[in-house]
Peer 1: 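If you scroll down you'll find the structure; I have some questions about it.
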Amino acid sequence: MEMVPSTMTEMWTTMGSTIASFMFIWAIIRQYCPYELRRYFEKYTHTIMTYFSPYIKISIHEFTGDRLKRSEAYVAVEAYLSANSSKTAKRLKAEMGKDSNNLVLSMDEYEKVTDEFRGAKVWWVASKVVSATRPMAYYPEQEKRYYRLTFHKRYREMITGAYLEYVVKEGKEIRVRNRQRKLYTNSPGYKWPSYKQTMWSHIVFEHPATFGTMALEPDKKKEIIEDLVTFSESKEFYARIGKAWKRGYLLYGPPGTGKSTMIAAMANLLNYDVYDLELTAVKDNTELRKLLIETTSKSIIVIEDIDCSLDLTGQRKKKGGKAMADDEKERKEVKEESGNSGNSKVTLSGLLNFIDGLWSACGGERLIVFTTNYVEKLDPALIRRGRMDKHIELSYCGFEGFKVLAKNYLKLETHPLFDAIDGLMKEVKITPADVAENLMPKSPLDDAEKCLWSLIQALEEAKEEAEAEAEAATAKKVVEQSQDGGGVCSENCMAEKASE
Ligand SMILES: Nc1ncnc2c1ncn2[C@@H]1O[C@H](COP(=O)(O)OP(=O)(O)OP(=O)(O)O)[C@@H](O)[C@H]1O
Ligand SMILES: [Mg+2]
């Protein structure tokens, strides 16, 4: 009976002294052995331990072959662990979040967290190896960071298959949700003269427009939202039908009807980046293709005012002399206004290739949006279905649109003056931009009613103007008709014709 504790004590003593000797040897090796020998020792200790251990380890390194780009798997795991570890990890690091207002927590180096998947327990550790060699003496030490996943070998199949797939998918989704969206432009500006040079420069995309704040018929709004959401969820569908995962939208209508605002609302709805492509700044078709290749998925590529961006009418039927000359003049004026010398060599066929050529399929999940005030000026080839799949007309403000703006700007759902506004809106055309401008308080003393009166006044003025224009047009027509008839019309005869 006495023997057991003494045997136990002996066993503990032996184990203790073995560990102590091992640590002593390890300390000597660390202190005095050259780096290569240390690595050699570590390698063989690992091999022996792995042989007896029932656990499997998988490392996911931050950089693999290409030192310039972080591995996608690492980035996804990082996002997954940041979202899941902050509740369980004991040592966390804090970094500034996307809107620079909050701190984002993630697991600190060498911290270990546990995760569970279908009843299997796994462990994640954030770790790093510090490289002994430095490229230059004044360079900081090179750290190679990685995550190590450990699990029991009985779960091998499930963890290497379903679990890792789940982690990467979740991580990617978290990144999309948390990422800071960007607004890119290809306008010429300062570019880094190095291998890092990209053709797009960007700022943070912060436009606050949403479909909720847009003045639009409710049915139309619903249809557009459904179309966009369906597109964003149709990866498998596009793959099945053998079509690149992209969709073209043509937004057309008079100035101030919300085309640019809708692009921002689309980006905010789908959480996409925006690439605002200035066609006149693109040298030629090759540069256009390069720009396309540099865009990422989950983005909207926008070409605003496509009708006056370039002379893309190469294949269009020739117009009559005067109309053609007017068009040319207008286009020239626009180019001069925008300070563009107009020496871009992008052609219609280059642009068509950009939209649906072979290269357009790279990346996937992209919207291409054109806006124009003059849809009739565009080449039919450019806007045919399949290229511009959905044509959306944005038009003058209706009463439903006004109600959205009144709610946004004045927090009003109803008001006795609404009936008068409804009546006037049926008679005159007013753009949402003009309505919005009138509903905007101009001084701190302006209340909702004052803003509504300001809108009524604007509508009445517009009505008077429209009536005066209509009268002038009728009078002009009468004069032209009478001149065509060869005779000079008396005042009575003119009045008769006008009343007809
Ligand atoms: N449908 C709308 N809903 C809400 N606000 C609108 C709408 N249309 C225009 N606005 C307001 O008017 C301003 C101008 O609109 P926007 O720039 O979107 O017009 P646009 O159609 O792009 O004009 P343009 O053809 O001149 O480029 C916006 O800042 C927005 O506040
Ligand atoms: Mg616009």
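Note that the numbering runs from 1 along the sequence shown for the chain. We count ligands from 1, going down the list as the structure has it; atoms in each ligand are counted the same way.
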Peer 1: Applying the side chain to side chain contact (heavy atoms under 4.5 Å, CB included) test to Leu250, which of Asp389, Leu382, Ile368, Val375 qualifies?
Peer 2: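 With Leu250 as partner, side chain to side chain contact (heavy atoms under 4.5 Å, CB included) holds for just one option, Val375.
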Peer 1: Do Glu400 and Val404 make a side-chain contact, defined as non-hydrogen atoms from C-beta onward lying under 4.5 Å apart?
Peer 2: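 They are not in side-chain contact.
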Peer 1: I'd like to know whether the aromatic ring centres of Tyr238 and Phe231 sit less than 6.0 Å apart in this structure.
Peer 2: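 Between Phe231 and Tyr238, which both carry aromatic rings, the centre distance is below 6.0 Å.
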Peer 1: Among all protein non-hydrogen atoms, which one is nearest to atom 31 (O) of ligand 1, and what is the separation to 0.1 Å?
Peer 2: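 Protein heavy atom with the smallest distance to atom 31 (O) of ligand 1: Tyr409 OH, 3.9 Å.
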Peer 1: Apply the test salt bridge (charged side-chain N to carboxylate O under 4.0 Å, His left out) to residues Glu72 and Lys172: give CA-CA distance (whole Å), side-chain angles for both, the deciding distance (0.1 Å), then the verdict.
Peer 2: CA-CA 9 Å; Glu72 261 186 57; Lys172 278 187 179 171; 3.6 Å; yes
Peer 1: Has the side chain of Asp446 got a donor or acceptor atom that lies under 3.5 Å from a matching backbone atom of Cys451?
Peer 2: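 Not at all, since once roles are kept as given, no pair shorter than 3.5 Å links the two residues.
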Peer 1: Going by the order shown, which atoms of ligand 1 are within less than 4.0 Å of some heavy atom of Thr213?
Peer 2: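 Contacts of ligand 1 toward Thr213, numbered from 1: 4 (C).
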Peer 1: Looking only at protein heavy atoms, which one is nearest to atom 9 (C) of ligand 1, and how far off is it?
Peer 2: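 Nearest neighbour among protein heavy atoms for atom 9 (C) of ligand 1, to 0.1 Å: Gly256 O, 3.5 Å.
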Peer 1: Quick one: does Asn438's side chain get under 4.5 Å of Leu452's, heavy atoms only?
Peer 2: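 Heavy-atom side-chain distance check fails, nothing below 4.5 Å.
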Peer 1: If the contact criterion is a heavy-atom separation under 4.0 Å, does Asn373 count as touching ligand 1?
Peer 2: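 Yes, Asn373 has heavy atoms under 4.0 Å from ligand 1.
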Peer 1: Among all protein non-hydrogen atoms, which one is nearest to atom 7 (C) of ligand 1, and what is the separation to 0.1 Å?
Peer 2: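 Going atom by atom, the protein heavy atom closest to atom 7 (C) of ligand 1 ends up being Pro432 CB, 3.4 Å.
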Peer 1: Identify the protein heavy atom lying closest to atom 17 (O) of ligand 1, giving its residue, its atom name and the separation to 0.1 Å.
Peer 2: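 Ranked first by proximity to atom 17 (O) of ligand 1 is Ser260 CB, 3.8 Å.
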Peer 1: Could you tell me which non-hydrogen atom of Ala265 sits nearest to which non-hydrogen atom of Thr210, and how far apart they are?
Peer 2: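 Heavy-atom minimum between the residues: CB-C, 3.6 Å.
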Peer 1: Could you tell me whether any N, O or S atom belonging to Thr371 is less than 2.8 Å from the Mg ion (ligand 2)?
Peer 2: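 No.
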Peer 1: Hey, looking at atom 14 (C) of ligand 1, which of Ala433, Gly258, Pro255 has the closest heavy atom?
Peer 2: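 The residue whose heavy atom sits nearest atom 14 (C) of ligand 1 is Ala433.
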Peer 1: Is there a salt bridge (charged side-chain N to carboxylate O under 4.0 Å, His left out) between Asp305 and Lys259? Walk through the geometry before answering.
Peer 2: CA-CA 10 Å; Asp305 300 316; Lys259 297 178 292 299; over 6 Å; no
Peer 1: Nearest heavy atom to atom 21 (O) of ligand 1 wins, so pick from Glu304, Glu437, Lys259, Met214.
Peer 2: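 The residue whose heavy atom sits nearest atom 21 (O) of ligand 1 is Lys259.
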Peer 1: Which residue and atom name correspond to the protein heavy atom nearest atom 28 (C) of ligand 1, and how close is it?
Peer 2: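 So the nearest neighbour among protein heavy atoms is Thr261 OG1, 3.7 Å.
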Peer 1: At what distance is the nearest protein heavy atom to atom 1 (N) of ligand 1, and which residue and atom is it?
Peer 2: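 Checking every protein heavy atom, the shortest distance to atom 1 (N) of ligand 1 gives Ala215 O, 3.0 Å.
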Peer 1: What I want to find out is whether Lys222 reaches Glu226 closely enough, with some N-O distance under 4.0 Å, to be called a salt bridge.
Peer 2: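 Counted as a salt bridge, because a side-chain N and a carboxylate O are separated by less than 4.0 Å.
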Peer 1: Look only at interatomic distance and state if Leu405 has a nitrogen or oxygen under 3.5 Å from any nitrogen or oxygen of ligand 1.
Peer 2: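 No; the residue has no nitrogen or oxygen that sits under 3.5 Å from a nitrogen or oxygen of the ligand.
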Peer 1: So for ligand 1, is Thr257 a polar contact partner (N or O within less than 3.5 Å, distance only)?
Peer 2: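 Indeed, backbone or side chain, Thr257 has an N or O that close.
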